[in-house]
Amino acid sequence: MRAVPIPHPGPVDTLVLPVVEVPFPEPGRGQLRLRIQACGVCRTDLHLAEGELAGAHYPVIPGHQIVGTVEVVGEDVTGWSVGDRAGVAWLHRVCGVCDPCRRGESNLCPEAAFTGFHVDGGFAEAMLAEANFAYRLPESISDLEAAPLLCAGIIGLRSLRKADL
């Protein structure tokens with residue numbers, strides 16, 4: 001499949017992102033393989049490209065504002081079928097047992113993994129998502145309209161909920 005990885009960090013005005021061929025990823029237990037329909041670009045992707053995120057590894061396929069169609073359902077996944085429309089955001093997985101996870105603040109989990117940073121993201125034809133962290137998307141919004149909401153929209157919604165307005 002085609003993918004656009006960040007090969008190494010560098011200034012975004014001179015960094016060239018190549019289109020490369022990589023194998024289609026095979027889902028493991030609890031995962032979905034999504035065929036990417038749309039993927040937004042976030043400022044975090046630019047921070048990653050410029051080497052401003054501690055712990056980054058290269059090459060990495062960025063992108064965490066993903067809308068896709070379920071192509072393969074991994075072992076032990078329930079509630080998802082081939083052809084379902086799914087959204088994927090920054091949070092790829094968490095431990096589920098630490099204090100922040102139990103408080104509903106899983107974004108603070110010390111074991112958290114992030115899409116397009118710790119695991120390959122949506123600047124590709126396909127990607128793997130943890131089924132428990134994939135979102136069902138309404139048909140009333142297009143792929144291109146939904147993709148950016150999987151980052152900024154979720155952050156804003158969580159902020160409003162935490163503010164108890």
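When every heavy atom of T115 is checked against every heavy atom of G63, the shortest pair comes out as CG2-O, 3.5 Å. Q65 and C151 get closest at one heavy-atom pair: NE2-CB, 3.0 Å. For the pair P7 and P5, the tightest heavy-atom approach, listed with the atom from each and the gap, is CD-O, 3.3 Å. Between L15 and G10, the shortest heavy-atom contact is CD2-O, 4.0 Å. Contact record, L34 with G68: CB-CA, 4.4 Å, taken as the closest heavy-atom pair. Of all non-hydrogen atoms in L150 and G87, the two that sit nearest each other are CD1-CA, 3.8 Å.
Evaluation of the salt bridge (charged side-chain N to carboxylate O under 4.0 Å, His left out) rule for R29 yields E75, D76 as partners, not counting sequence neighbours. With sequence neighbours excluded, the residues satisfying side-chain contact (heavy atoms from CB on, under 4.5 Å) with V94 are L91, C101, S106, C109, A112, F133. Contacts of E26 classified as salt bridge (charged side-chain N to carboxylate O under 4.0 Å, His left out), with partners at least two apart in sequence or in another chain: R33. Listed by chain and residue number, S142 satisfy the side chain to side chain donor-acceptor pair (under 3.5 Å) test with E145 (two or more places apart in sequence, or in another chain). Residues that satisfy the side-chain contact (heavy atoms from CB on, under 4.5 Å) test with V119, not counting sequence neighbours, are H92, R93. By the side-chain contact (heavy atoms from CB on, under 4.5 Å) test, V97 is found to be paired with C95, residues two or more places apart in sequence or in another chain being considered. Residues passing the side-chain contact (heavy atoms from CB on, under 4.5 Å) test with A146 are V67, R85, L137, I141, sequence neighbours excluded. Applying the salt bridge (charged side-chain N to carboxylate O under 4.0 Å, His left out) rule to R35 yields the partners E71, E125; only residues at least two apart in sequence or on another chain are considered.
Within the structure, the side chain to side chain donor-acceptor pair (under 3.5 Å) test picks out no pair touching residues 4-17 (sequence neighbours left out). Applying the salt bridge (charged side-chain N to carboxylate O under 4.0 Å, His left out) test to residues at least two apart or on different chains, none of the pairs has a partner in residues 49-65. Pairs passing the ring-ring contact (aromatic ring centres under 6.0 Å, His included) check and including a residue from residues 29-86, sequence neighbours excluded, read H64-W90.
Atom CD1 of I61 and atom SG of C39 lie 11.0 Å apart (nearest 0.5 Å).
M127 and V73 end up in the same hydrophobic cluster when Ile, Leu, Val, Met, Phe, Trp and Tyr side chains are linked at under 4.5 Å. Side-chain heavy atoms closer than 4.5 Å link hydrophobic residues (I, L, V, M, F, W, Y) into clusters, and following such links, possibly through other members, connects L53 to V60. A single hydrophobic cluster is not seen to contain both V88 and V72; linkage of ILVMFWY side chains at heavy-atom distances under 4.5 Å, directly or through other members, places them apart. No chain of hydrophobic side-chain contacts below 4.5 Å, direct or via other Ile, Leu, Val, Met, Phe, Trp or Tyr residues, connects L128 to Y135. In this structure, I66 is a member of the same hydrophobic cluster as V70, with clusters built from ILVMFWY side-chain heavy atoms closer than 4.5 Å.
Using a 4.5 Å heavy-atom threshold, the side chains of M1 and V22 count as touching. The shortest side-chain heavy-atom distance between F123 and I36 does not fall under the 4.5 Å cut-off.
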